[in-house]
Number of protein chains: 2
Amino acid sequence: METNAVNPGEQVGRQARILEAVLDLLSRHGISGVNMRAVAREAGVALGLVNYYYEDKSSLIRAALHRMDQHDLMLVAPDPESPPDEQLRKALRRVAAPELLTTRYLSLRLHLWALAQAHEDFALINAAAFERYLEGLTTLISNAKPELSRDECRERASDIVVVQNGMWLTALLGADKPSIQRCLIRTEQIAFAPAERTSKGLSVGP
Amino acid sequence: METNAVNPGEQVGRQARILEAVLDLLSRHGISGVNMRAVAREAGVALGLVNYYYEDKSSLIRAALHRMDQHDLMLVAPDPESPPDEQLRKALRRVAAPELLTTRYLSLRLHLWALAQAHEDFALINAAAFERYLEGLTTLISNAKPELSRDECRERASDIVVVQNGMWLTALLGADKPSIQRCLIRTEQIAFAPAERTSKGLSVGP
DNA sequence: GCGGGGTTTGAACAAGTGTTCAAGACCTCG
DNA sequence: CGAGGTCTTGAACACTTGTTCAAACCCCGC
């Protein structure tokens, strides 16, 4: 039943290799580059095996989506080790970490968003993941700034997500590193701003 | 040579109808939904005619890209009627106007970005358009705030574009209207912030 | 009328697509 | 060894895809 360690050594499980191949192809060539034969070739596996593990092509995409979502969710996972405000700060910095600003990751995100936009069922999966991410970020803020109401926290989380999405997208398109970093600071300002008026309250001038 | 007014009345030129069909299909179903037959059907035209006006499928996509870019560029076009700061404010507001926050427009943008990510030649077109947009915004800022150096203006333009990209993307995914509006205000704050330190200078606390 | 140009059509072709399936390979337990 | 299960293969199928092309159509000046 469970995945067996067939060959000794470098065998990592064909199913996992297949999913990995999908992610690779999707990030490099977009959805048009993802077809069963290319996936099989990239995974070093026979054509039939792809349909053995994933009954559909759309199952394949769904698997890719779920895997990406789960990865994204870890960005705002609570970490019992650090104090709350440190957790929040770390979470915010993670999205601008060089490890995440890879073309592979960002491109994958972009293509999955595009897919979600085109197909109803993918959209649902994506929307749910988005909501979980937002909820996770809201909780982090709430922990770090207990004086804020839940609604205020969620408002800030929404604002931050907008900027983060912009950072991801712009990193992919223009790759102006410094402006990404400046926007990272902006997310921290939103998160840690003093209580009072949160919507318009970022004081601009004297 | 030039497009003739063949039939009287509602004929708008087959070539234009074909391009329109591409934009429609792309925004609704993504690149997988764009094939010569579907385009012909959507445009109410025979299959062969698509290849008569556009020699390639990629010529079709290129045409869609150019048309979108040209539209985007108009968002930051200078408007001799208004005073400089009004021009800037209008340009910033345009990107959050309900007319632009349509699913059709945003979805189109997303799919074109995804295409640009997947194909080198589309990427070049896109990058050039991005640069022109950035330059246009920089000029608007420079006109509105002549006391800033060109570099400072471009820095602000970069920051604004990040947030704008985030607004577009988030409008498409989550559609949390209020946070979009709050981020619009944020772009205005970036644009009109007083001179001094522009990078970290958005004062957060007392 | 009659050519002659631009335009429009849809059949035809070759290549590529997702999916199925019978056959084989492999491993485990009796 | 051999039965029985899971895994793996690649040929085969039906269908879609981009592109080509000969034929038809339309309109205008002659």
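Every chain is numbered from 1, with letters handed out A, B, ... down the list of sequences.
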- Message: According to ring pair (Phe, Tyr, Trp, His ring centres under 6.0 Å), does anything in residues 45-66 of chain A pair up with another residue at least two apart or in another chain? List the pairs.
- Response: none
- Winner on side-chain proximity to B/Val45, out of D/dG10, C/dT7, C/dT9, is C/dT9
- Query: Which of residues 114-126 of chain A have a heavy atom under 4.0 Å from DNA chain D?
  - Reply: none
- Which pairs count as salt bridge (Lys or Arg N to Asp or Glu O under 4.0 Å) when at least one residue sits in residues 75-85 of chain B, sequence neighbours excluded? none
- Message: Per the ring pair (Phe, Tyr, Trp, His ring centres under 6.0 Å) rule, what does the pair list look like for residues 134-167 of chain A, sequence neighbours excluded?
- Response: none
- Task: Could you state the atom-to-atom distance from CG of A/Leu49 to C1' of C/dC26 in whole Å?
- Result: 13 Å
- Which pairs count as side chain to side chain donor-acceptor pair (under 3.5 Å) when at least one residue sits in residues 93-103 of chain A, sequence neighbours excluded? A/Arg93-A/Glu188
- Give a yes or no on this: more than 12 heavy atoms of other residues, nucleotides or ligands lie within 6.0 Å of atom CD of B/Glu147. yes
- Under the rule of Watson-Crick or G-U wobble with both distances under 3.5 Å, where | means paired to another strand and [ ] a crossing pair, DNA chain D maps to |.|||||||||||||||||||||||.|.||
- What pairs meet the salt bridge (Lys or Arg N to Asp or Glu O under 4.0 Å) rule with one or both residues in residues 121-133 of chain A, with sequence neighbours excluded? A/Glu131-A/Arg154
- Item | salt bridge (Lys or Arg N to Asp or Glu O under 4.0 Å) partners of B/Glu42, counting only residues at least two apart | B/Arg28
- Query: Think A/Arg14 has a side-chain N or O under 4.0 angstrom from the OP1 or OP2 of C/dC26?
  - Reply: no
- So the side chain to side chain donor-acceptor pair (under 3.5 Å) pairs with at least one residue in residues 29-41 of chain A (sequence neighbours excluded) are none
- Keeping to residues at least two apart or across chains, list the salt bridge (Lys or Arg N to Asp or Glu O under 4.0 Å) pairs with something in residues 160-172 of chain A. none
- Message: Generate the contact string for nucleotides 13-25 of chain D. Rules: B means base contact, S means sugar-phosphate contact only, - means no protein heavy atom under 4.0 Å.
- Response: ----BBBB-----
- Is B/Tyr52 near enough to C/dT9 that one of its side-chain N or O atoms lies under 4.0 angstrom from OP1 or OP2? no
- Task: Could you name each residue pair satisfying ring pair (Phe, Tyr, Trp, His ring centres under 6.0 Å) that touches residues 127-169 of chain A, not counting sequence neighbours?
- Result: A/Tyr105-A/Trp168
